[in-house]
2 protein chains.
Amino acid sequence: MTIEDVAAAAGVSRQTVSRALNNMAEIKPETRQRVLATIERLDYRPNAFARGMKTRKSNTIGLIVSDISNPFYPAVARGLFDAAETVGWNVVVYNTDLSRRREESALNELIARGADGVVGFFYALDDATLARYAGDLPMVVSDRPVDHAALTSVTTDFGAGIRAAVEHLVASGHQQIGMLDSTVGVAADERREAFVEQVPVALPAADLAGHVIQGPPTIPGGTAALHELLNARPEITAVVAFNDLMAIGAIHAARERGLAVPSELAVVGFDDLSIAPYVFPPLTTVHTDKYAHGRRLADVLHQLTAERTPDRYGERPAPSVSGSRVVLPATLIVRESA
Amino acid sequence: MTIEDVAAAAGVSRQTVSRALNNMAEIKPETRQRVLATIERLDYRPNAFARGMKTRKSNTIGLIVSDISNPFYPAVARGLFDAAETVGWNVVVYNTDLSRRREESALNELIARGADGVVGFFYALDDATLARYAGDLPMVVSDRPVDHAALTSVTTDFGAGIRAAVEHLVASGHQQIGMLDSTVGVAADERREAFVEQVPVALPAADLAGHVIQGPPTIPGGTAALHELLNARPEITAVVAFNDLMAIGAIHAARERGLAVPSELAVVGFDDLSIAPYVFPPLTTVHTDKYAHGRRLADVLHQLTAERTPDRYGERPAPSVSGSRVVLPATLIVRESA
DNA sequence: ATGAAAGCGCTAACAA
DNA sequence: TTGTTAGCGCTTTCAT
């Protein structure tokens with residue numbers, strides 16, 4: 001079933017079918033109707049390979065994450081999917097498990113397939129490498145600070161979130177505050193930095209080194225990290241976690257130790273996963289709009305691709321988003337765990 | 001950068017490059033090495049459009065779910081992704097929100113793109129329609145009972161899970177048991193049927209109609225459903241939920257009503273999401289291995305596609321999986337909520 | 001407003 | 001073992 005069959009059935013030439021298919025101008029409305037009806041009747045679907053071969057576009061983008069089963073990503077992904085759908089993009093997802101090899105192979109795969117762009121949460125690749133790929137493939141980097149003019153990014157205001165969390169804890173009377181930090185991710189740096197910058201202001205005497213424990217950004221990671229932290233510093237009465245998963249793990253650890261939350265140990269998370277209000281006690285955490293984040297990623301990528309295929313004559317050139325940094329807000333939500 | 005450039009640079013013909021690229025037999029090892037080196041040096045990547053045009057294969061499969069931000073799906077998806085990666089498949093994900101139109105458009109999109117197959121959690125399309133699509137595109141249907149010889153499926157033993165849950169509740173002394181059922185999904189039928197079949201055995205006098213309340217299979221859906229259920233039947237002391245999300249919502253509703261879980265209301269979920277042990281009280285639920293489920297989906301699809309591209313001469317034909325039904329186990333895990 | 005011709009980059013079939 | 005030919009289905013010139 002090719003365009004030729006449709007043309008024959010409708011009594012026109014291939015090109016006329018193509019014109020109807022692509023909403024081109026130079027076609028008589030009634031001819032278009034007839035062709036469209038034939039297409040419908042024959043259940044014809046244009047072959048994407050042949051089309052891509054000509055147009056060099058695939059209407060496909062990639063989404064690169066470390067692990068889709070980490071609930072943070074699906075929340076973002078959903079926004080991305082929805083925005084992608086409105087512009088006709090299909091999205092293919094890659095899990096990297098933080099492996100450099102897999103981050104690169106996802107990118108290579110995407111290029112070979114003629115993807116229109118990629119949105120990535122990269123952890124292993126450095127800015128220079130990313131920038132090189134971005135030359136071949138429109139790219140939006142998410143949630144990692146980039147320091148390269150060729151890289152476009154959408155990030156979260158991790159610093160503001162952590163600062164609000166620490167402020168809240170200090171205002172609640174906590175003197176000894178610890179952090180459950182992630183071992184992975186460039187983004188972790190920003191959260192930790194905000195923590196160590198902020199905490200001394202309130203607690204000049206704190207020995208920060210021992211107050212920051214790293215672990216995998218997972219529930220068990222949070223559990224282990226809290227135990228380690230409290231074993232070393234039993235005087236700590238509050239912790240801010242890298243993310244909600246670690247915070248939930250910390251609450252679990254507190255229960256194991258017979259510590260009441262928040263009265264004996266206050267816990268604040270980061271992300272505000274959909275489950276956060278339903279753990280016990282309901283999690284005080286830094287909220288970000290993950291759905292909006294996903295939409296924004298797709299929007300920025302879309303602008304990026306639009307810049308590469310110059311508009312028709314006479315349209316005013318939109319300000320370029322290439323190399324831009326979008327920073328999304330992060331605000332503390334106080335529930336009961338702190 | 002085309003195969004022609006590589007051929008020129010390596011001093012061979014296109015075809016020889018193609019042979020090196022595809023590990024074909026008729027090529028001298030040293031020639032292959034030379035070509036491969038040239039490919040490396042030139043950073044050449046074969047164009048997937050041109051390749052697909054010839055081979056009619058895309059190394060791409062689709063995953064159709066209702067909503068990737070429902071944590072059940074990412075858990076399955078991860079297994080699917082991992083298995084897909086081992087056979088060189090990329091996977092493009094579609095969210096349908098239970099819409100018939102979107103289920104169909106995902107399928108059409110996949111066919112137009114020459115996808116090698118699809119794995120789907122379908123809710124709106126009927127068996128006949130699905131079977132029609134399955135004729136054009138190797139398809140594995142997940143978690144829905146199918147009654148059509150042309151449809152291959154991988155499902156969960158919902159009945160066994162629900163039966164175990166009810167038995168546990170009855171053994172714990174509960175007389176009045178309700179169900180928080182989902183409004184959506186064919187699969188719901190199976191769980192509800194198992195419930196109504198099982199409960200009468202233990203509770204002959206129960207008026208089941210009022211004991212089954214439907215709602216969206218989400219946390220708020222569970223909260224609303226439990227309120228509705230208890231307002232109508234305050235004598236109920238235990239509920240089994242369609243899934244963990246509804247169960248978590250039910251626990252939340254119990255808290256709003258000042259009901260202690262499990263002493264005043266026992267709650268059993270279904271799925272055993274990764275969060276289940278960490279809500280409070282830890283959720284008693286029916287466990288399924290979602291990662292294995294995802295892998296299995298990919299495996300079955302892979303066998304299906306292998307059947308369509310006949311093996312070389314003389315290989316023993318494997319038993320066909322087309323039209324088969326794989327049923328995955330579901331076992332109760334008793335924690336503290338029931 | 002429509003049709004004819006060309007060619008995108010690759011691989012399958014055939015020739016050497 | 002290697003090279004040559006043909007053509008996959010579509011869109012983009014260009015001609016009518």
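FYI, side chains are in, hydrogens and waters are out, and symmetry mates aren't considered; it's all heavy atoms of this structure. Protein chains get the first letters and strands the later ones, always in sequence-line order, with residue 1 at the start of each.
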In whole Å, what is the span from the CZ atom of A/R113 to the P atom of C/dC8?
-> 23 Å
Can you tell me how far P of D/dT1 sits from CG of B/N23, to the nearest Å?
-> 15 Å
Scan nucleotides 7-16 of chain D nucleotide by nucleotide, 5' to 3', and note B when protein non-hydrogen atoms come under 4.0 Å of the base, S if they reach only the sugar-phosphate, - if neither.
-> BBBBBB----
Only counting residues at least two apart or in another chain, list the ones meeting side-chain hydrogen bond (donor to acceptor under 3.5 Å, both in side chains) with [X].
{"X": "A/S13", "answer": "A/Q15, A/T16"}
{"X": "B/T152", "answer": "none"}
{"X": "A/R78", "answer": "A/D82, B/D67, B/D97"}
{"X": "B/H293", "answer": "B/S142"}

Results of ring pair (Phe, Tyr, Trp, His ring centres under 6.0 Å) for A/Y73 - residues two or more places apart only | A/F121
Near DNA chain D, under 4.0 Å by heavy atom, which residues of residues 28-42 of chain B?
-> B/K28, B/T31
For the helix from C/dA1-D/dT16 to C/dA16-D/dT1, what is the angle between the axes at its two ends, each from 5 pairs, rounded to 10°?
-> 30°
How would you list all residue pairs meeting ring-ring contact (aromatic ring centres under 6.0 Å, His included) that involve residues 25-67 of chain A, not counting sequence neighbours?
-> none
Looking just at side-chain N and O atoms, do B/Y94 and B/E103 make a donor-acceptor pair shorter than 3.5 Å?
-> no
Pairs flagged by salt bridge (charged side-chain N to carboxylate O under 4.0 Å, His left out) wherever residues 11-24 of chain A is involved - sequence neighbours left out | A/E4-A/R14
For residues 121-142 of chain B, the salt bridge (charged side-chain N to carboxylate O under 4.0 Å, His left out) pairs (sequence neighbours left out) are B/D127-B/R144
With sequence neighbours left out, which residue pairs that include part of residues 28-39 of chain A fulfil the side chain to side chain donor-acceptor pair (under 3.5 Å) condition?
-> none
Given D/dG3, is OP1 or OP2 found less than 4.0 Å from the side-chain N or O atoms of B/T16?
-> yes
